[in-house]
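All heavy atoms count here, side chains included; hydrogens, waters and symmetry mates do not.
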Amino acid sequence: MSQKELYLLDGNSLTYRAFYALPTTLTKSDGTITNAVFGFTKMLLTLIDNEAPDSIGVAFDVGKKTFRHQAYEDYKGTREKTPDELRPQFKLVKDVLEALQIPFFGMEEYEADDLIGTLAKRAEAEGYQVTIVTGDRDALQLISDNIRVMYTRRGITDIVDYTLEKFREDYELEPIQLIDKKGLMGDSSDNIPGVDGIGDKTSTKLLKEFGTLEKLLENIDKVGGKKRKATLEEQADRARMSKELATIKLDVPIDIDFESLKISDFNNEEAYQLFNDLEFTSLISYIGGHKEVKDFSYEEIDSIEDFKRLEVGEKLAINLELSGEKLTRELEHIAISFDDQNYYIDLDENELLEGLREIIAGKELLMLEGKEQIRYLLQHGIAVDTLAFEPLLADYLLKPSEQEKSFAELVQGHLQRALPESDDKELLILKTKLLFDLEEELITKLEENDLLRLYQEVELPLLNVLAELELNGIKVSKEGLEELNVKFKEKIANIEEQIYELAGETFNINSPKQLGVILFENLGLPVIKKTKTGYSTSASVLEKLEGKHEIIPLISQYRTYTKLQSTYVEPLEEYINEETGRIHTTFNQRVTATGRLSSADPNLQNIPIRSEEGREIRDVFVAEEGKKLVAADYSQIELRVLAHISDDEGLKEAYQHGLDIHTKTASEIFDIPLEEVTSNERRKAKAVNFGIAYGISDWGLAKRLNIGNKEAQEFIELYFSRYPKVKEYMDNTIKQAKEEGYVTTVFNRKRYLSDINSKNYHKREFAKRMAINTPIQGSAADIMKIATIDVANALKEEKLNAKVLLQVHDELVLEVPEDELEMVQKLVKEKMEEAVQLDVKLEVDVKVGDSWNNME
DNA sequence: ACGTCCTGCAA
DNA sequence: TATTGCAGGACGT
């Protein structure tokens, strides 16, 4: 039988510690600061995890004044008042304790310290081993053979365990002498005065000699040093009072039964809900270990006849277990759930497909990793008519800024359940079954957030379309790539040689560090800009050095070609699918915070176009024999969106009259007639127009245009005076973000901006720019998503063979048989322009070509 | 092997 | 000290 153990925590001190140890940027998505609660909870759970205590009690201060204030008015007088960010968190700490069923207590007039002292000594007398957990060193005076103190040294994880032995070693005193020591040296943090001129060293020396403050004062004549003796005599009362203040009360009239402090099972629903509400995702695992979902049964099907005979409901969850690489996947097994029935189907691939084809026709499907599975099905000629639910996508809409989550995290976060450890088969079935639970939960949450329409009418249908796009892929000329490879290789070798010649030595031109030495030390060129780690050699720096040395343009050229070579020419070849001769990128629907898609493996949304050398790469993206590539892009969709959401007359009018918006802006801010705008003025205006959509600063615009801050500021002010409602829109959006914690797009897509009320200037300003940009970029993304769906569906409806291959934010790339060209061009333009009805017209330019370069 | 920095490509 | 991404090479651990 082990000894009875009791852990007593100083709730106040630990919460304070947590508050100062963690940044106040730790917030819920609505902006509520939770750093202290989080820190406290983490300490508590770690403690429980490490120490497995069987009894815990948490003490709090109650009220502001204590008996110590009556004795000494200035007690804790130097303390700053509790920060506003911290005060409301005490309530939350108590909520956490309540949910975890851990008792806490407090008493008027007494500090948490006194309660802990009293209880510790009483428990010790009853035979307990007591551990006091606190951030306050005062508690060390309570140490004994059966009482130890754990206190937080730095942060919240660095905890020191003080036993009697360690205390004696560190202090050369007995724990109780700590109060005498404080009487002598005082404590600035509590504003306890002590005796002038006596500090750490002297107090220890005196106490080692005399034992206590009282004995010291009795034997004052034996104290060495005239001055010290005089001060001690003079300040004897002050010393006695200081000691009293520092003494933890051991006789507080508190009535607590230690039996009631026994820890109980805290894996309860309330704790889950609270942690969920506080968004303590990472802490849920501490309380989540036990609650698993295992109670389910399933049936195994191993004949195609049985599979086909399954009478499935209208709505079913299907889960395909796929192996292999993206386009060569093989179907191993299937799990199906509906109406509380679960099936595991183990047949060969063709039979599985055959059965599936029959089973899912016309049904509403719940799927996990929908795009992967739908792409596989499409590849085998099975179209999914109605995708009714996909959990990862739903979770993304609710929290688009968060990192992509695993299925287990989703189950944890939304169902408060832990996935059990089990074999692949059970897990597959369980996941399938859980799709129904997730559907219920997530659809409700989407509904509550007004996101259901966006989910059902945009994101889910798009998921289907993206599977098609990926399967389609785009044809890439291997020979073309090879030619480019040779051409660029020669260029690079040539430039490299010249650079080494001019530098007088060979070095790694790709290393900014080595290049910096060559340019700024060996060649003595002026340093334009520095990075954290050394000289900056960025393109803008090189541009400023142009003309100062022949090596500079060569470096720029070298950079251009090696960039193209290593990022595009070389890697692209590897991505060409041997069977299709095409590149099949992956479109990710759950990455961006604004609602855009992203593309990876390879990224086909950043293929060069601006530079002459770079756009040659587009030559290798070609149409099949007998077909053409068609590229349709929105003209200035973001600025049109801005005109719409700001409702600015000037901006809207410009578009209604079909004016060139940059020329129009130039004429406004330079106050000249449209016809007189020069190309340089238009260029500046264009930068202003773009900058506005990004939440511009004068500094940023100045840098971009290479002009003075003041001039840039004037441009911005002029812009706002000409387009006043744009300014209004910005102010309102920021205001909304501050109040609601999020901003929205025209289709109600949300983005939470937790930093919008941050005390940190940079974070706050950054959040403001996001607040301005997100509705613009995000609304454009919404529109493009709808257009992508509409175009893909219209092609199918019209039974055309044209296919959508790529989406590049404001552009769709299609591959079109020559005999469909005319019709498809018209159809695409129409669908894109009519995807939504805004206050300004959307315009789409359609171009045709044999390759993605030089289209017209 | 992995993470960070710098750099640069797109809309 | 302009928004959103993906990705390469260098370099440090």
Side-chain angles (χ1 to χ4, degrees), chain A residues 400-401 507-516 529-542 555-556 558-572 575 585-588 590-611 613-615 617-618 633-639 641-642 687-705 709 712-713 716 730 743 751 753 761-778 780-781 784 806-812 852:
Chain A
S401 304
F507 64 102
N508 184 348
I509 311 168
N510 285 319
S511 162
K513 202 170 151 191
Q514 294 181 36
L515 179 62
K529 200 170 83 184
K530 293 203 129 199
T531 67
K532 264 180 255 176
T533 48
Y535 310 113
S536 169
T537 65
S538 69
S540 70
V541 169
L542 295 180
I555 302 279
S556 298
Y558 176 88
R559 281 258 177 90
T560 304
Y561 284 110
T562 52
K563 171 75 180 179
L564 296 171
Q565 183 80 326
S566 67
T567 310
Y568 301 101
V569 178
E570 283 172 355
L572 277 183
Y575 285 105
T585 183
T586 302
F587 287 107
N588 203 321
R590 310 192 302 264
V591 164
T592 70
T594 54
R596 276 185 172 186
L597 297 179
S598 77
S599 153
D601 304 309
N603 181 358
L604 294 185
Q605 291 180 322
N606 72 341
I607 302 300
I609 189 168
R610 292 175 193 175
S611 79
E613 307 92 313
R615 67 183 300 154
I617 289 169
R618 292 189 170 224
D633 71 296
Y634 280 113
S635 159
Q636 296 165 351
I637 187 168
E638 294 196 352
L639 288 176
V641 165
L642 176 62
V688 175
N689 279 332
F690 274 99
I692 290 292
Y694 295 145
I696 204 166
S697 71
D698 50 3
W699 197 92
L701 181 65
K703 212 168 122 106
R704 176 92 13 159
L705 285 177
N709 274 4
Q713 201 186 330
I716 295 170
M730 292 186 174
V743 292
R751 180 182 187 178
L753 297 166
Y761 174 83
H762 294 290
K763 288 185 177 175
R764 197 173 58 245
E765 290 301 309
F766 193 29
K768 282 187 192 172
R769 294 196 295 275
M770 291 176 186
I772 290 166
N773 176 256
T774 297
I776 301 171
Q777 190 184 117
M784 187 45 152
L806 300 175
Q807 192 256 47
V808 195
H809 309 309
D810 68 355
E811 173 187 20
L812 287 180
W852 203 5

Taking [X] for its side chain and [Y] for its backbone only, find out whether a donor-acceptor pair lies under 3.5 Å.
{"X": "Thr585(A)", "Y": "Pro602(A)", "result": "yes"}
{"X": "Gln713(A)", "Y": "Asp698(A)", "result": "no"}
{"X": "Tyr568(A)", "Y": "Asn606(A)", "result": "yes"}

Using a heavy-atom cut-off of 4.0 Å across all strands, would you classify [X] as base, sugar-phosphate, or nothing?
{"X": "Ala593(A)", "answer": "sugar-phosphate"}
{"X": "Ser599(A)", "answer": "sugar-phosphate"}
{"X": "Arg751(A)", "answer": "sugar-phosphate"}
{"X": "Thr774(A)", "answer": "nothing"}
{"X": "Ile607(A)", "answer": "sugar-phosphate"}
{"X": "Lys703(A)", "answer": "nothing"}
{"X": "Gly691(A)", "answer": "base"}
{"X": "Ala539(A)", "answer": "sugar-phosphate"}
{"X": "Arg610(A)", "answer": "base"}
{"X": "Asp633(A)", "answer": "nothing"}
{"X": "Arg769(A)", "answer": "sugar-phosphate"}
{"X": "Asn508(A)", "answer": "sugar-phosphate"}
{"X": "Ser536(A)", "answer": "sugar-phosphate"}

(Q) Using the P atom as the point on both nucleotides, what is the distance between dT4(B) and dA2(C), in whole Å? (A) 22 Å

Which nucleotide in [options] has an atom nearest any side-chain atom of [X]:
{"X": "Arg704(A)", "options": "dT4(C), dC6(B), dA2(C)", "value": "dA2(C)"}
{"X": "Val591(A)", "options": "dC6(C), dC11(C), dA2(C)", "value": "dC6(C)"}
{"X": "Ala687(A)", "options": "dC6(C), dA2(C), dG9(C)", "value": "dA2(C)"}
{"X": "Thr567(A)", "options": "dT7(B), dA11(B), dG8(C)", "value": "dG8(C)"}
{"X": "Ser538(A)", "options": "dC6(B), dT4(C), dG8(B)", "value": "dG8(B)"}
{"X": "Ile609(A)", "options": "dA10(B), dT7(B), dA7(C)", "value": "dA10(B)"}
{"X": "Leu701(A)", "options": "dA2(C), dT4(C), dA7(C)", "value": "dA2(C)"}
{"X": "Asn510(A)", "options": "dG9(C), dG8(B), dC11(C)", "value": "dG9(C)"}

**Q.** Side-chain donor-acceptor contact under 3.5 Å, Thr774(A) with Thr594(A)
**A.** no

Q. Strictly by modelled atom types, are Thr537(A) and Arg559(A) linked by a side-chain donor-acceptor pair under 3.5 Å?
A. yes

Could you state the atom-to-atom distance from [atom1] of [X] to [atom2] of [N] in whole Å?
{"X": "Met770(A)", "N": "dT1(C)", "atom1": "CE", "atom2": "C1'", "result": "14 Å"}
{"X": "Ile637(A)", "N": "dT3(C)", "atom1": "CD1", "atom2": "P", "result": "20 Å"}
{"X": "Tyr558(A)", "N": "dG8(B)", "atom1": "OH", "atom2": "P", "result": "13 Å"}
{"X": "Tyr561(A)", "N": "dG9(C)", "atom1": "OH", "atom2": "P", "result": "19 Å"}
{"X": "Phe587(A)", "N": "dG5(C)", "atom1": "CZ", "atom2": "P", "result": "16 Å"}

Q. Below 3.5 Å, does any donor atom in the side chain of Gln777(A) face an acceptor in the base of dT4(C), or the other way round?
A. no

Under 4.0 Å between a side-chain N/O of [X] and OP1 or OP2 of [N], yes or no?
{"X": "Gln514(A)", "N": "dC11(C)", "answer": "yes"}
{"X": "His809(A)", "N": "dA10(B)", "answer": "no"}
{"X": "Arg559(A)", "N": "dT7(B)", "answer": "no"}
{"X": "Asn606(A)", "N": "dA11(B)", "answer": "no"}
{"X": "Ser598(A)", "N": "dC6(C)", "answer": "yes"}
{"X": "Ser566(A)", "N": "dA7(C)", "answer": "no"}
{"X": "Lys513(A)", "N": "dG12(C)", "answer": "yes"}

Calculate, to the nearest 0.5 Å, the distance between atoms [atom1] and [atom2] belonging to [X] and [Y] respectively.
{"X": "Ser599(A)", "Y": "Ile607(A)", "atom1": "OG", "atom2": "CD1", "answer": "8.0 Å"}
{"X": "Leu642(A)", "Y": "Ile637(A)", "atom1": "CG", "atom2": "CD1", "answer": "12.5 Å"}
{"X": "Glu638(A)", "Y": "Ile776(A)", "atom1": "CD", "atom2": "CD1", "answer": "7.0 Å"}

